[in-house]
2 protein chains.
Amino acid sequence: MDDEAAETRPAGRRRRGAALVAAIHDAAIAEVLEVGLGRMTMEGIARRAGAAKTSLYRRWTSPHDLLLDALRDAFPQEVPSPASDDLRGDLIEALRQMVGWMGSPQARAVAAIMTERDRHPGLAEALFERVFEPRGGRFTRTVLRHYAACGAIDGALVTPVVADIGEALVIKYFTDTGVPPDDDTITAIVDQAVLPAVGAPLGR
Amino acid sequence: MDDEAAETRPAGRRRRGAALVAAIHDAAIAEVLEVGLGRMTMEGIARRAGAAKTSLYRRWTSPHDLLLDALRDAFPQEVPSPASDDLRGDLIEALRQMVGWMGSPQARAVAAIMTERDRHPGLAEALFERVFEPRGGRFTRTVLRHYAACGAIDGALVTPVVADIGEALVIKYFTDTGVPPDDDTITAIVDQAVLPAVGAPLGR
DNA sequence: CTTCTTAGATACGGAAGCGTTGCTTATATC
DNA sequence: GATATAAGCAACGCTTCCGTATCTAAGAAG
(Lines give C-alpha, C1' and ligand atoms only; values in the text may rest on other atoms or scores of the structure.)
Protein backbone atom coordinates (compact mmCIF):
# COMPACT_ATOMS: atom_id res chain seq x y z
CA MET A 1 0.00 0.00 0.00
CA ASP A 2 2.92 2.33 0.57
CA ASP A 3 6.54 1.32 -0.01
CA GLU A 4 7.16 2.25 -3.59
CA ALA A 5 9.65 4.17 -1.54
CA ALA A 6 13.04 4.73 -0.06
CA GLU A 7 14.82 1.41 0.23
CA THR A 8 13.12 -0.13 -2.78
CA ARG A 9 13.98 2.64 -5.15
CA PRO A 10 17.37 2.11 -6.84
CA ALA A 11 19.06 5.26 -5.63
CA GLY A 12 19.61 6.69 -9.08
CA ARG A 13 15.96 7.02 -10.12
CA ARG A 14 13.76 9.94 -9.38
CA ARG A 15 10.00 10.10 -9.48
CA ARG A 16 8.47 13.31 -10.74
CA GLY A 17 5.06 14.88 -11.05
CA ALA A 18 2.10 12.57 -10.71
CA ALA A 19 4.08 9.50 -9.69
CA LEU A 20 5.79 11.38 -6.91
CA VAL A 21 2.56 12.95 -5.74
CA ALA A 22 0.88 9.54 -5.64
CA ALA A 23 3.67 8.10 -3.53
CA ILE A 24 3.43 11.00 -1.12
CA HIS A 25 -0.35 10.63 -0.94
CA ASP A 26 0.01 6.97 -0.02
CA ALA A 27 2.62 7.83 2.55
CA ALA A 28 0.36 10.45 4.11
CA ILE A 29 -2.50 7.99 4.51
CA ALA A 30 -0.22 5.31 5.87
CA GLU A 31 1.24 7.84 8.26
CA VAL A 32 -2.06 8.98 9.73
CA LEU A 33 -3.05 5.37 10.29
CA GLU A 34 0.16 4.55 12.08
CA VAL A 35 0.85 7.59 14.22
CA GLY A 36 -2.54 9.29 14.33
CA LEU A 37 -3.75 12.68 13.30
CA GLY A 38 -2.03 14.48 16.14
CA ARG A 39 1.41 13.14 15.39
CA MET A 40 1.47 13.54 11.63
CA THR A 41 4.48 15.46 10.51
CA MET A 42 5.96 16.64 7.23
CA GLU A 43 9.22 14.96 8.07
CA GLY A 44 7.52 11.69 8.86
CA ILE A 45 5.55 11.65 5.61
CA ALA A 46 8.62 12.57 3.58
CA ARG A 47 10.65 9.87 5.27
CA ARG A 48 7.99 7.26 4.61
CA ALA A 49 7.57 8.31 1.00
CA GLY A 50 11.30 8.32 0.45
CA ALA A 51 10.97 11.89 -0.74
CA ALA A 52 12.68 15.10 0.22
CA LYS A 53 10.99 17.33 2.71
CA THR A 54 11.52 20.14 0.22
CA SER A 55 9.28 18.40 -2.29
CA LEU A 56 6.44 18.39 0.19
CA TYR A 57 6.75 22.03 1.14
CA ARG A 58 6.77 22.94 -2.54
CA ARG A 59 3.19 21.64 -2.84
CA TRP A 60 1.52 21.65 0.55
CA THR A 61 1.61 23.85 3.60
CA SER A 62 0.86 21.32 6.36
CA PRO A 63 0.29 17.63 7.02
CA HIS A 64 -3.45 18.20 7.23
CA ASP A 65 -3.53 19.97 3.91
CA LEU A 66 -1.60 17.12 2.38
CA LEU A 67 -3.84 14.50 3.93
CA LEU A 68 -7.00 16.12 2.62
CA ASP A 69 -5.48 16.21 -0.81
CA ALA A 70 -4.62 12.53 -0.56
CA LEU A 71 -8.16 11.64 0.47
CA ARG A 72 -9.79 13.66 -2.24
CA ASP A 73 -7.71 11.83 -4.76
CA ALA A 74 -8.73 8.49 -3.30
CA PHE A 75 -12.46 9.19 -3.48
CA PRO A 76 -15.20 8.88 -4.48
CA GLN A 77 -15.99 5.34 -3.55
CA GLU A 78 -19.39 4.86 -5.02
CA VAL A 79 -21.24 1.84 -3.79
CA PRO A 80 -23.66 0.55 -6.37
CA SER A 81 -26.46 -1.60 -5.11
CA PRO A 82 -27.36 -4.59 -7.18
CA ALA A 83 -31.06 -4.92 -6.69
CA SER A 84 -32.58 -8.29 -7.31
CA ASP A 85 -35.79 -9.23 -5.59
CA ASP A 86 -34.15 -10.56 -2.48
CA LEU A 87 -34.34 -7.93 0.24
CA ARG A 88 -32.55 -9.98 2.85
CA GLY A 89 -29.77 -11.00 0.49
CA ASP A 90 -29.28 -7.47 -0.73
CA LEU A 91 -29.07 -6.12 2.80
CA ILE A 92 -26.47 -8.69 3.70
CA GLU A 93 -24.55 -7.87 0.56
CA ALA A 94 -24.72 -4.13 1.29
CA LEU A 95 -23.25 -4.61 4.76
CA ARG A 96 -20.61 -6.90 3.33
CA GLN A 97 -19.62 -4.14 0.96
CA MET A 98 -19.50 -1.73 3.86
CA VAL A 99 -17.19 -4.03 5.81
CA GLY A 100 -14.93 -4.33 2.82
CA TRP A 101 -14.86 -0.59 2.36
CA MET A 102 -14.13 -0.02 6.04
CA GLY A 103 -11.00 -2.08 5.68
CA SER A 104 -9.47 0.26 3.12
CA PRO A 105 -6.79 2.67 4.26
CA GLN A 106 -8.80 5.60 2.94
CA ALA A 107 -11.84 4.70 4.99
CA ARG A 108 -9.78 4.26 8.12
CA ALA A 109 -8.12 7.60 7.56
CA VAL A 110 -11.53 9.20 7.28
CA ALA A 111 -12.56 7.45 10.48
CA ALA A 112 -9.49 8.82 12.21
CA ILE A 113 -10.46 12.34 11.20
CA MET A 114 -14.05 11.82 12.30
CA THR A 115 -13.12 10.60 15.75
CA GLU A 116 -10.88 13.60 16.33
CA ARG A 117 -13.23 16.13 14.84
CA ASP A 118 -13.56 18.14 18.03
CA ARG A 119 -9.78 18.48 18.20
CA HIS A 120 -9.47 19.58 14.56
CA PRO A 121 -12.82 21.06 13.54
CA GLY A 122 -11.49 22.66 10.40
CA LEU A 123 -10.20 19.38 9.12
CA ALA A 124 -13.53 17.60 9.49
CA GLU A 125 -15.33 20.48 7.80
CA ALA A 126 -12.90 20.53 4.93
CA LEU A 127 -13.30 16.80 4.60
CA PHE A 128 -17.00 17.25 4.09
CA GLU A 129 -16.72 20.20 1.76
CA ARG A 130 -13.86 19.01 -0.33
CA VAL A 131 -14.03 15.25 -0.20
CA PHE A 132 -17.43 13.76 0.34
CA GLU A 133 -20.80 14.18 1.94
CA PRO A 134 -21.24 12.58 5.33
CA ARG A 135 -24.15 11.21 7.31
CA GLY A 136 -24.99 8.10 5.53
CA GLY A 137 -26.65 4.94 5.68
CA ARG A 138 -25.24 4.98 2.18
CA PHE A 139 -25.24 1.20 2.15
CA THR A 140 -28.45 -0.26 3.48
CA ARG A 141 -30.43 2.90 2.81
CA THR A 142 -30.04 2.48 -0.91
CA VAL A 143 -31.35 -1.03 -0.66
CA LEU A 144 -34.26 -0.14 1.59
CA ARG A 145 -35.34 2.72 -0.65
CA HIS A 146 -35.30 0.45 -3.65
CA TYR A 147 -37.61 -2.08 -2.05
CA ALA A 148 -39.83 0.66 -0.67
CA ALA A 149 -40.20 2.01 -4.20
CA CYS A 150 -41.16 -1.48 -5.37
CA GLY A 151 -43.79 -1.67 -2.68
CA ALA A 152 -42.10 -4.65 -1.06
CA ILE A 153 -41.84 -2.80 2.22
CA ASP A 154 -43.62 0.19 3.71
CA GLY A 155 -41.80 3.34 2.68
CA ALA A 156 -42.94 5.18 5.80
CA LEU A 157 -40.83 2.82 7.87
CA VAL A 158 -37.60 3.75 6.11
CA THR A 159 -36.76 6.61 8.45
CA PRO A 160 -33.26 7.99 9.01
CA VAL A 161 -33.00 5.91 12.17
CA VAL A 162 -34.01 2.71 10.42
CA ALA A 163 -31.67 3.37 7.52
CA ASP A 164 -28.81 3.58 10.02
CA ILE A 165 -29.46 0.39 11.98
CA GLY A 166 -27.26 -1.90 9.96
CA GLU A 167 -24.36 0.51 9.67
CA ALA A 168 -24.57 1.43 13.34
CA LEU A 169 -24.32 -2.17 14.46
CA VAL A 170 -21.46 -2.91 12.10
CA ILE A 171 -19.57 0.08 13.43
CA LYS A 172 -20.25 -0.78 17.05
CA TYR A 173 -19.12 -4.35 16.51
CA PHE A 174 -15.95 -3.07 14.95
CA THR A 175 -15.09 -0.60 17.67
CA ASP A 176 -16.03 -3.03 20.43
CA THR A 177 -14.03 -5.97 19.19
CA GLY A 178 -11.41 -4.38 16.97
CA VAL A 179 -12.22 -6.68 14.06
CA PRO A 180 -14.89 -6.40 11.36
CA PRO A 181 -17.97 -8.57 11.74
CA ASP A 182 -17.93 -11.88 9.88
CA ASP A 183 -20.74 -13.12 7.64
CA ASP A 184 -22.63 -14.79 10.46
CA THR A 185 -22.68 -11.61 12.46
CA ILE A 186 -23.76 -9.59 9.46
CA THR A 187 -26.58 -12.03 8.87
CA ALA A 188 -27.63 -11.76 12.50
CA ILE A 189 -27.67 -7.97 12.23
CA VAL A 190 -29.91 -8.10 9.18
CA ASP A 191 -32.25 -10.74 10.58
CA GLN A 192 -32.50 -9.54 14.13
CA ALA A 193 -32.34 -5.78 13.75
CA VAL A 194 -32.87 -4.45 10.24
CA LEU A 195 -35.64 -6.67 8.93
CA PRO A 196 -37.83 -6.37 12.04
CA ALA A 197 -37.67 -2.59 11.75
CA VAL A 198 -39.13 -2.67 8.25
CA GLY A 199 -41.90 -5.01 9.20
CA ALA A 200 -40.44 -8.30 8.04
CA PRO A 201 -41.42 -11.36 10.06
CA LEU A 202 -39.37 -12.02 13.19
CA GLY A 203 -37.46 -15.11 14.15
CA ARG A 204 -36.10 -15.48 10.62
CA MET B 1 -13.60 20.76 35.68
CA ASP B 2 -9.89 21.43 35.89
CA ASP B 3 -8.40 24.69 37.04
CA GLU B 4 -7.94 24.24 40.74
CA ALA B 5 -4.56 25.12 39.39
CA ALA B 6 -1.75 27.45 38.58
CA GLU B 7 -3.12 30.96 38.40
CA THR B 8 -5.84 30.35 40.95
CA ARG B 9 -3.55 29.04 43.66
CA PRO B 10 -2.10 31.85 45.82
CA ALA B 11 1.59 31.19 45.21
CA GLY B 12 2.39 30.39 48.81
CA ARG B 13 0.15 27.32 49.20
CA ARG B 14 1.08 23.80 48.33
CA ARG B 15 -1.21 20.86 47.79
CA ARG B 16 0.04 17.48 48.94
CA GLY B 17 -0.99 13.86 48.78
CA ALA B 18 -4.53 13.13 47.76
CA ALA B 19 -5.47 16.70 46.88
CA LEU B 20 -2.50 17.03 44.59
CA VAL B 21 -3.12 13.67 43.01
CA ALA B 22 -6.74 14.55 42.36
CA ALA B 23 -5.76 17.80 40.67
CA ILE B 24 -3.27 15.98 38.48
CA HIS B 25 -5.86 13.34 37.61
CA ASP B 26 -8.28 16.03 36.50
CA ALA B 27 -5.58 17.70 34.49
CA ALA B 28 -4.70 14.43 32.77
CA ILE B 29 -8.28 13.83 31.67
CA ALA B 30 -8.70 17.40 30.52
CA GLU B 31 -5.45 17.15 28.64
CA VAL B 32 -6.35 14.01 26.71
CA LEU B 33 -9.64 15.58 25.69
CA GLU B 34 -7.98 18.72 24.44
CA VAL B 35 -4.85 17.51 22.72
CA GLY B 36 -5.61 13.84 22.14
CA LEU B 37 -3.95 10.66 23.20
CA GLY B 38 -1.02 11.09 20.85
CA ARG B 39 -0.05 14.51 22.07
CA MET B 40 -0.35 13.99 25.80
CA THR B 41 2.78 14.98 27.59
CA MET B 42 4.06 15.06 31.13
CA GLU B 43 4.93 18.71 30.77
CA GLY B 44 1.50 19.55 29.45
CA ILE B 45 -0.30 17.80 32.29
CA ALA B 46 1.97 19.37 34.88
CA ARG B 47 1.41 22.80 33.40
CA ARG B 48 -2.34 22.36 33.38
CA ALA B 49 -2.40 21.06 36.93
CA GLY B 50 -0.15 23.84 38.12
CA ALA B 51 2.18 21.19 39.50
CA ALA B 52 5.86 20.52 39.11
CA LYS B 53 6.97 18.02 36.52
CA THR B 54 8.99 16.39 39.26
CA SER B 55 5.85 15.61 41.20
CA LEU B 56 4.49 13.67 38.26
CA TYR B 57 7.63 11.66 37.66
CA ARG B 58 7.73 10.75 41.33
CA ARG B 59 4.47 8.85 40.93
CA TRP B 60 4.01 7.86 37.29
CA THR B 61 6.26 6.79 34.50
CA SER B 62 4.36 8.11 31.47
CA PRO B 63 1.29 10.10 30.44
CA HIS B 64 -0.56 6.88 29.63
CA ASP B 65 0.19 5.39 33.00
CA LEU B 66 -1.06 8.54 34.64
CA LEU B 67 -4.20 8.62 32.52
CA LEU B 68 -5.12 5.05 33.37
CA ASP B 69 -4.72 5.86 37.03
CA ALA B 70 -6.96 8.88 36.64
CA LEU B 71 -9.65 6.82 34.94
CA ARG B 72 -9.56 4.05 37.48
CA ASP B 73 -10.11 6.59 40.17
CA ALA B 74 -13.06 8.06 38.32
CA PHE B 75 -14.87 4.74 37.88
CA PRO B 76 -16.94 2.69 38.30
CA GLN B 77 -20.04 4.35 36.88
CA GLU B 78 -22.70 1.84 37.67
CA VAL B 79 -25.95 2.39 35.88
CA PRO B 80 -28.88 1.04 37.85
CA SER B 81 -31.98 0.35 35.91
CA PRO B 82 -35.21 1.41 37.54
CA ALA B 83 -37.64 -1.20 36.33
CA SER B 84 -41.26 -0.30 36.37
CA ASP B 85 -43.63 -2.03 34.01
CA ASP B 86 -43.11 0.33 31.14
CA LEU B 87 -40.72 -1.23 28.67
CA ARG B 88 -40.74 1.67 26.28
CA GLY B 89 -40.28 4.25 28.99
CA ASP B 90 -37.46 2.29 30.58
CA LEU B 91 -35.66 1.90 27.26
CA ILE B 92 -35.89 5.62 26.63
CA GLU B 93 -34.66 6.31 30.13
CA ALA B 94 -31.75 3.90 29.70
CA LEU B 95 -30.61 5.63 26.54
CA ARG B 96 -31.02 9.00 28.21
CA GLN B 97 -28.72 7.82 30.95
CA MET B 98 -26.28 6.65 28.35
CA VAL B 99 -26.28 10.04 26.65
CA GLY B 100 -25.72 11.73 29.98
CA TRP B 101 -22.85 9.42 30.78
CA MET B 102 -21.29 9.95 27.36
CA GLY B 103 -21.02 13.63 28.10
CA SER B 104 -18.76 13.14 31.11
CA PRO B 105 -15.05 13.81 30.68
CA GLN B 106 -14.24 10.31 31.86
CA ALA B 107 -16.43 8.69 29.25
CA ARG B 108 -14.98 10.82 26.51
CA ALA B 109 -11.48 9.96 27.62
CA VAL B 110 -12.39 6.29 27.46
CA ALA B 111 -13.82 6.85 23.99
CA ALA B 112 -10.59 8.51 22.91
CA ILE B 113 -8.64 5.46 24.05
CA MET B 114 -11.04 3.12 22.31
CA THR B 115 -10.85 4.89 18.98
CA GLU B 116 -7.06 4.81 19.04
CA ARG B 117 -6.77 1.28 20.27
CA ASP B 118 -4.85 0.05 17.24
CA ARG B 119 -2.28 2.79 17.79
CA HIS B 120 -1.88 2.02 21.48
CA PRO B 121 -2.93 -1.58 22.02
CA GLY B 122 -1.42 -1.83 25.47
CA LEU B 123 -3.42 1.10 26.69
CA ALA B 124 -6.75 -0.33 25.59
CA GLU B 125 -5.93 -3.68 27.18
CA ALA B 126 -4.91 -2.08 30.41
CA LEU B 127 -8.10 -0.07 30.38
CA PHE B 128 -10.09 -3.28 30.28
CA GLU B 129 -8.02 -5.09 32.86
CA ARG B 130 -7.55 -2.29 35.29
CA VAL B 131 -10.54 -0.06 34.89
CA PHE B 132 -13.66 -1.76 33.75
CA GLU B 133 -15.07 -4.55 31.71
CA PRO B 134 -15.99 -3.59 28.16
CA ARG B 135 -18.45 -4.80 25.58
CA GLY B 136 -21.75 -3.69 26.74
CA GLY B 137 -25.12 -3.00 25.97
CA ARG B 138 -24.90 -2.16 29.65
CA PHE B 139 -27.80 0.21 29.27
CA THR B 140 -30.62 -1.24 27.22
CA ARG B 141 -29.51 -4.82 27.80
CA THR B 142 -30.26 -4.58 31.47
CA VAL B 143 -33.75 -3.36 30.68
CA LEU B 144 -34.42 -5.97 28.02
CA ARG B 145 -33.27 -8.81 30.28
CA HIS B 146 -35.54 -7.61 33.01
CA TYR B 147 -38.61 -7.66 30.81
CA ALA B 148 -37.60 -10.99 29.31
CA ALA B 149 -37.40 -12.41 32.81
CA CYS B 150 -40.90 -11.09 33.51
CA GLY B 151 -42.17 -12.76 30.39
CA ALA B 152 -43.17 -9.44 28.86
CA ILE B 153 -40.98 -10.11 25.81
CA ASP B 154 -39.50 -13.23 24.29
CA GLY B 155 -36.13 -13.88 25.89
CA ALA B 156 -34.86 -15.65 22.78
CA LEU B 157 -35.04 -12.34 20.93
CA VAL B 158 -32.67 -10.59 23.33
CA THR B 159 -29.52 -11.55 21.43
CA PRO B 160 -26.21 -9.68 21.64
CA VAL B 161 -27.10 -7.89 18.42
CA VAL B 162 -30.49 -6.80 19.68
CA ALA B 163 -29.07 -5.68 23.01
CA ASP B 164 -26.72 -3.39 21.10
CA ILE B 165 -29.21 -1.69 18.78
CA GLY B 166 -30.00 1.27 20.98
CA GLU B 167 -26.42 1.98 21.99
CA ALA B 168 -25.19 1.54 18.44
CA LEU B 169 -27.62 4.10 17.07
CA VAL B 170 -26.87 6.59 19.82
CA ILE B 171 -23.14 6.25 19.14
CA LYS B 172 -23.58 6.58 15.40
CA TYR B 173 -25.73 9.65 15.79
CA PHE B 174 -23.11 11.17 18.01
CA THR B 175 -20.18 10.49 15.72
CA ASP B 176 -22.12 11.51 12.62
CA THR B 177 -23.38 14.81 13.93
CA GLY B 178 -20.96 15.64 16.72
CA VAL B 179 -23.76 16.24 19.18
CA PRO B 180 -25.67 13.79 21.40
CA PRO B 181 -29.16 12.79 20.29
CA ASP B 182 -32.03 14.74 21.82
CA ASP B 183 -35.11 13.17 23.40
CA ASP B 184 -37.02 13.01 20.14
CA THR B 185 -34.24 11.13 18.46
CA ILE B 186 -33.88 8.77 21.40
CA THR B 187 -37.60 8.10 21.24
CA ALA B 188 -37.37 7.42 17.54
CA ILE B 189 -34.52 4.98 18.12
CA VAL B 190 -36.53 3.08 20.69
CA ASP B 191 -39.76 3.06 18.69
CA GLN B 192 -38.34 2.42 15.25
CA ALA B 193 -35.40 0.14 15.99
CA VAL B 194 -35.33 -1.42 19.46
CA LEU B 195 -38.99 -2.26 20.04
CA PRO B 196 -39.54 -3.87 16.62
CA ALA B 197 -36.58 -6.17 17.26
CA VAL B 198 -38.16 -7.54 20.42
CA GLY B 199 -41.50 -8.10 18.79
CA ALA B 200 -43.35 -5.00 19.90
CA PRO B 201 -45.95 -3.65 17.48
CA LEU B 202 -44.68 -1.40 14.71
CA GLY B 203 -45.81 2.02 13.64
CA ARG B 204 -46.43 3.30 17.17
C1' DC C 1 23.68 17.37 -26.96
C1' DT C 2 21.94 21.37 -24.52
C1' DT C 3 18.85 23.40 -21.58
C1' DC C 4 15.12 23.94 -18.44
C1' DT C 5 12.66 21.99 -14.88
C1' DT C 6 12.28 19.75 -10.62
C1' DA C 7 13.71 16.30 -7.04
C1' DG C 8 17.21 15.12 -3.61
C1' DA C 9 20.60 16.04 0.03
C1' DT C 10 22.22 18.71 3.70
C1' DA C 11 22.44 22.16 7.03
C1' DC C 12 20.64 26.00 9.73
C1' DG C 13 18.66 28.20 14.21
C1' DG C 14 14.72 27.81 16.93
C1' DA C 15 11.19 25.61 19.62
C1' DA C 16 9.46 21.99 22.56
C1' DG C 17 9.43 17.75 25.11
C1' DC C 18 12.23 14.33 27.16
C1' DG C 19 13.87 12.32 31.85
C1' DT C 20 17.00 13.67 35.43
C1' DT C 21 19.50 16.34 38.88
C1' DG C 22 20.50 19.41 42.91
C1' DC C 23 18.56 22.55 45.67
C1' DT C 24 15.02 25.41 48.19
C1' DT C 25 10.92 25.70 50.82
C1' DA C 26 6.23 24.69 52.33
C1' DT C 27 3.50 21.46 55.01
C1' DA C 28 2.66 17.83 58.41
C1' DT C 29 4.21 15.48 62.63
C1' DC C 30 6.01 14.98 67.05
C1' DG D 1 9.59 24.99 67.84
C1' DA D 2 12.45 21.21 65.78
C1' DT D 3 12.40 17.76 62.31
C1' DA D 4 11.02 14.75 58.57
C1' DT D 5 8.43 14.53 54.39
C1' DA D 6 7.19 16.01 50.04
C1' DA D 7 6.47 19.81 46.52
C1' DG D 8 8.31 23.41 43.72
C1' DC D 9 11.91 25.32 40.82
C1' DA D 10 15.48 25.72 37.45
C1' DA D 11 18.75 23.87 34.69
C1' DC D 12 21.06 19.99 32.26
C1' DG D 13 22.09 17.51 27.55
C1' DC D 14 19.43 15.14 24.24
C1' DT D 15 16.18 14.38 20.61
C1' DT D 16 12.66 15.60 17.13
C1' DC D 17 10.30 18.56 14.23
C1' DC D 18 9.81 23.10 12.40
C1' DG D 19 10.34 26.05 8.01
C1' DT D 20 13.83 27.70 4.99
C1' DA D 21 17.88 28.14 2.16
C1' DT D 22 21.57 26.33 -0.69
C1' DC D 23 23.52 23.34 -3.85
C1' DT D 24 23.79 19.15 -6.74
C1' DA D 25 21.98 16.13 -10.03
C1' DA D 26 18.35 13.48 -12.50
C1' DG D 27 14.49 13.68 -15.95
C1' DA D 28 12.12 15.81 -19.80
C1' DA D 29 12.06 18.76 -23.86
C1' DG D 30 14.09 21.14 -27.71
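Quick note on labels: first sequence line is chain A, next is B, and so on, each numbered from 1.
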With a cut-off of less than 4.0 Å, is there a side-chain N or O of [X] near OP1 or OP2 of [N]?
X	N	result
Thr41(B)	dA16(C)	no
Arg58(A)	dG8(C)	no
Arg59(A)	dT6(C)	no

Nearest to the side chain of [X] - [options]?
X	options	answer
Leu20(B)	dA28(C), dG8(D), dG17(C)	dG8(D)
Arg16(B)	dT27(C), dA9(C), dC17(D)	dT27(C)
Thr54(B)	dC18(C), dG8(D), dA9(C)	dG8(D)

Measure the distance from [atom1] on [X] to [atom2] on [N] and round it to the nearest whole Å.
X	N	atom1	atom2	value
Arg15(B)	dT25(C)	CZ	P	20 Å
Arg48(A)	dT16(D)	CZ	P	16 Å
Glu31(B)	dG17(C)	CD	C1'	12 Å

Cationic N near anionic O, under 4.0 Å, Glu43(A) to Lys53(A)
yes

Under 4.0 Å between a side-chain nitrogen and a carboxylate oxygen: does that hold for Glu34(B) and Arg48(B)?
yes

How is Arg39(A) classified with respect to the nucleic acid when contacts are heavy atoms under 4.0 Å: base, sugar-phosphate, or nothing?
nothing

Separation between CD1 of Ile29(A) and OG of Ser104(A), rounded to the nearest 0.5 Å:
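Between Ile29(A) CD1 and Ser104(A) OG, I get 8.5 Å after rounding to 0.5 Å.
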
Would you say CZ of Arg145(B) has more than 12 non-hydrogen atoms from neighbouring residues, nucleotides or ligands within 6.0 angstrom?
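No, not enclosed.
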
